[in-house]
Amino acid sequence: MDATQAIAEPRRREILRLIWDRELSAGEIAAHFDVTFGAVSQHLKVLREAGLVSLRKDGRQRIYQADREGMGPLADYLQSMWAARLDTLAALAEAAERSQEP
């Protein structure tokens, strides 16, 4: 599976967002989802095989982080997509706050 197919799945994009700026263990990643650890593990495998995440073993733990260099131009696309979401969320929060002012 190539990188664009790998990120077509929403949970995989969310996993990438979680490990964009930090390393997390597979268990820490799985705790963010309401699916089985096995399902998250399969998503991580797809992301790893597509070259989108790096894996580091620390004892029995598997530690993951987004591999932005391996993503090439896809990294810029994902970053801009998440930034746009944050901008929209901030605008909605500000509008809600203004509507509650006396």
Side-chain angles (χ1 to χ4, degrees):
M1 180 176 303
D2 73 4
T4 54
Q5 290 173 319
I7 66 163
E9 209 287 330
R11 282 197 184 102
R12 291 189 201 123
R13 287 193 307 273
E14 182 63 16
I15 290 170
L16 284 173
R17 191 190 62 74
L18 288 170
I19 58 175
W20 194 254
D21 291 317
R22 62 185 170 162
E23 291 184 321
L24 290 176
S25 71
E28 291 170 319
I29 295 167
H32 287 272
F33 298 94
D34 60 351
V35 296
T36 66
F37 179 84
V40 171
S41 181
Q42 286 298 315
H43 287 305
L44 288 166
K45 179 181 178 187
V46 169
L47 291 169
R48 193 176 66 248
E49 289 175 352
L52 301 175
V53 300
S54 61
L55 167 65
R56 179 177 63 83
K57 292 182 182 178
D58 184 14
R60 294 179 60 173
Q61 284 192 321
R62 292 174 176 251
I63 310 294
Y64 293 87
Q65 185 164 13
D67 182 359
R68 294 187 203 184
E69 196 172 299
M71 289 182 202
L74 212 49
D76 292 335
Y77 167 75
L78 289 170
Q79 184 73 41
S80 67
M81 181 180 71
W82 293 323
R85 276 192 196 165
L86 289 175
D87 290 344
T88 301
L89 182 60
L92 290 172
E94 289 170 5
E97 188 175 302
R98 281 192 304 271
S99 71
Q100 293 181 4
E101 291 177 357

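Here the structure is a predicted model, which is why all the values come from computation and not from measurement.
For residues 25-43, there are no salt bridge (charged side-chain N to carboxylate O under 4.0 Å, His left out) pairs, not counting sequence neighbours. Counting only residues at least two apart or in different chains, side-chain hydrogen bond (donor to acceptor under 3.5 Å, both in side chains) contacts with residues 36-45 comprise R12-H43. Evaluation of the salt bridge (charged side-chain N to carboxylate O under 4.0 Å, His left out) test over residues 57-73, restricted to residues two or more places apart or in two chains, returns D21-R68.
Closest of all the heavy-atom pairs between A30 and F37 is CB-CD1, 3.6 Å.
Taken together through direct or relayed side-chain contacts under 4.5 Å among Ile, Leu, Val, Met, Phe, Trp and Tyr, L24 and V35 form part of one hydrophobic cluster. By the criterion of side-chain heavy atoms lying less than 4.5 angstrom apart, applied directly or through intervening Ile, Leu, Val, Met, Phe, Trp or Tyr residues, F33 is not grouped with I63; the two fall into different hydrophobic clusters.
Remark: E9 CD to I15 CD1 distance equals 8.0 Å, nearest 0.5 Å. To the nearest 0.5 angstrom, D2 atom CG is 9.0 Å from L52 atom CG.
Among residues two or more places apart in sequence or in another chain, the side chain to side chain donor-acceptor pair (under 3.5 Å) test is passed with E23 by R56. Partners of A66 according to the side chain to side chain contact (heavy atoms under 4.5 Å, CB included) rule, which considers only residues two or more places apart in sequence or in another chain, are L16, I19, W20, M71.
Contact check on R11 versus E14 returns no salt bridge, with no Lys/Arg side-chain nitrogen under 4.0 Å from an Asp/Glu carboxylate oxygen.
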Item to complete: Before giving the answer on side chain to side chain contact (heavy atoms under 4.5 Å, CB included), spell out for L18 and Y64 the whole-Å C-alpha distance, their side-chain angles and the decisive distance to 0.1 Å.
Response: CA-CA 10 Å; L18 288 170; Y64 293 87; over 6 Å; no

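Side chain of R13 to backbone of A8: a donor-acceptor contact under 3.5 angstrom is found.
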